[in-house]
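Structure record follows, encoded as structure tokens.
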Amino acid sequence: MHVEMRYLHTFRVVCEAGSLRAAAGVLHRTEQAVSYQLRKLEEALGMPVFQRGSGRLIPNAAGERLLVFCQEMGRDWEKLYEEIHASAPVAPLRISAVSGFGRYQLLPLFRDGPLADIPIRMRYPTAEDVVRHVESGACDLGFVHRMDTHARLSHTPVGAEEIVLIASPHLASSFALDAASLRDAGYVSYDESDYVFATWFTQVLGMNMTGLNTVAHFEELEEVLDWVAAGRGVSIVPAACMAEHEARGEVVALRTPKTRCRNTIYAVLNSDHHHAAIERTLQAVRECASF
């Protein structure tokens with residue numbers, strides 16, 4: 001004996017709706033189509049499942065047992081569906097973030113923080129590449145330290161970072177945060193440093209300074225910190241990235257008493273791409289990034 005599942009579904013709907021017309025509306029089919037499926041069900045079973053002669057379609061004894069079976073099967077299917085989805089592997093959240101924020105503030109949230117259960121794929125390109133990754137769908141979520149106008153993407157403020165000028169303890173002991181000293185200093189630059197430097201000078205000094213003396217340039221902030229710790233120049237970096245070096249006494253953050261430089265962090269989102277962990281990630285960033 002073979003009974004098609006759609007016939008059992010139709011039978012259950014008819015029993016619960018009480019008539020062919022009501023069931024047809026639920027199933028989005030004609031009454032004739034519903035009647036046909038009921039007839040095929042009874043043919044497969046070799047017996048009727050409804051009481052004949054009444055105005056309503058009321059299941060007979062065999063129909064009552066069949067209805068219980070259909071209802072239990074529906075509950076079993078819902079339970080199975082939930083179990084399958086609960087045990088299914090979660091697709092990694094693909095993130096593209098500028099290095100300073102991504103490595104030192106964002107990554108710890110996933111490594112041993114509130115987002116540790118979310119699988120991720122993390123990359124640290126330039127701000128321009130972050131935008132390109134989110135736009136193309138190569139990444140689900142991006143983080144940048146400046147807001148750019150984009151026709152397809154949204155830039156949502158989610159946090160902030162402090163930017164500081166750092167020097168070795170030896171250099172820091174005689175370094176002054178005035179225009180003359182800052183202009184004469186040798187700077188260790190890195191990818192994205194033009195924007196970071198300009199932001200710091202504008203907020204702390206009240207003006208941007210161009211034509212700086214660059215003594216070295218690196219892609220990654222780790223090399224910048226090592227170079228500064230060796231007394232080979234000063235740099236301006238996100239405070240989070242130099243915290244461990246400062247704690248070890250390798251570098252010193254130079255701050256003015258009245259002005260601290262703070263820069264907004266923006267989440268880059270593409271409404272065409274979705275991931276279940278995005279909102280949870282943004283909430284964690286808002287709570288931990290001191291916005």
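Index from 1, following the sequence.
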Okay, side chain of S173, backbone of H170: is any donor-acceptor separation there less than 3.5 Å?
yes

R152: which residues meet the side chain to side chain contact (heavy atoms under 4.5 Å, CB included) condition with it, sequence neighbours left out?
E135, H150, N270, D272

Quick one: CG on L115 to SG on C288, what's the gap to the nearest 0.5 Å?
8.0 Å

Verify whether one side chain among E287 and Q283 offers a donor that lies under 3.5 Å from an acceptor in the other.
yes

Holding to salt bridge (Lys or Arg N to Asp or Glu O under 4.0 Å), I want the full list of residues that pass it with E222, two or more places apart in sequence or in another chain.
none

Residue pairs fulfilling ring pair (Phe, Tyr, Trp, His ring centres under 6.0 Å) with at least one residue in residues 112-145, sequence neighbours excluded
F101-F143, H145-Y195

For D148, what residues pass the side chain to side chain contact (heavy atoms under 4.5 Å, CB included) criterion, not counting sequence neighbours?
R146, H155

As an exercise, state the distance from OH of Y104 to CG of L221, rounded to the nearest 0.5 Å.
5.5 Å

Please check if V68 and L66 belong to a single hydrophobic cluster, counting links between Ile, Leu, Val, Met, Phe, Trp and Tyr side chain heavy atoms closer than 4.5 Å.
no

A216: which residues meet the side chain to side chain contact (heavy atoms under 4.5 Å, CB included) condition with it, sequence neighbours left out?
V188, F218, W227

Within the supplied structure, the quantity of interest is the number of heavy atoms (other residues, nucleotides, ligands) at a distance under 6.0 Å from Q71 CD; does it exceed 12?
yes

Return the set of residues passing salt bridge (Lys or Arg N to Asp or Glu O under 4.0 Å) with E42 (not counting sequence neighbours), or none when no residue passes.
R52

Other residues, nucleotides, ligands: >12 heavy atoms within 6.0 Å of R12 CZ
yes

Is D117 salt-bridged to R280, going by a charged N under 4.0 Å from an acidic O?
yes

Side-chain heavy atoms under 4.5 angstrom apart, residues restricted to Ile, Leu, Val, Met, Phe, Trp, Tyr: same cluster for V164 and M209?
yes

Pairs involving residues 100-115, ordered by first then second residue, that meet salt bridge (charged side-chain N to carboxylate O under 4.0 Å, His left out) (sequence neighbours left out)
R103-E220

Using 0.5 Å steps for rounding, measure from the CG atom of L182 to the CG atom of L177.
6.0 Å

Got a salt bridge between R21 and E31, using NZ or NE/NH1/NH2 to carboxylate O under 4.0 Å?
yes

Could you work out, with salt bridge (Lys or Arg N to Asp or Glu O under 4.0 Å) as the rule, every residue matching D76, not counting sequence neighbours?
none

Quick one: side-chain hydrogen bond (donor to acceptor under 3.5 Å, both in side chains) partners of S181, sequence neighbours excluded?
D178

Taking side-chain hydrogen bond (donor to acceptor under 3.5 Å, both in side chains) as the definition, give me every residue that meets it alongside R6, ordered by chain and number, with sequence neighbours left out.
E4

Ring pair (Phe, Tyr, Trp, His ring centres under 6.0 Å) pairs touching residues 246-280, sequence neighbours excluded, are none

For R123, check salt bridge (Lys or Arg N to Asp or Glu O under 4.0 Å) against everything at least two apart and list the hits.
none

Counting heavy atoms not belonging to E244, are there more than 12 under 6.0 Å from its CD?
no

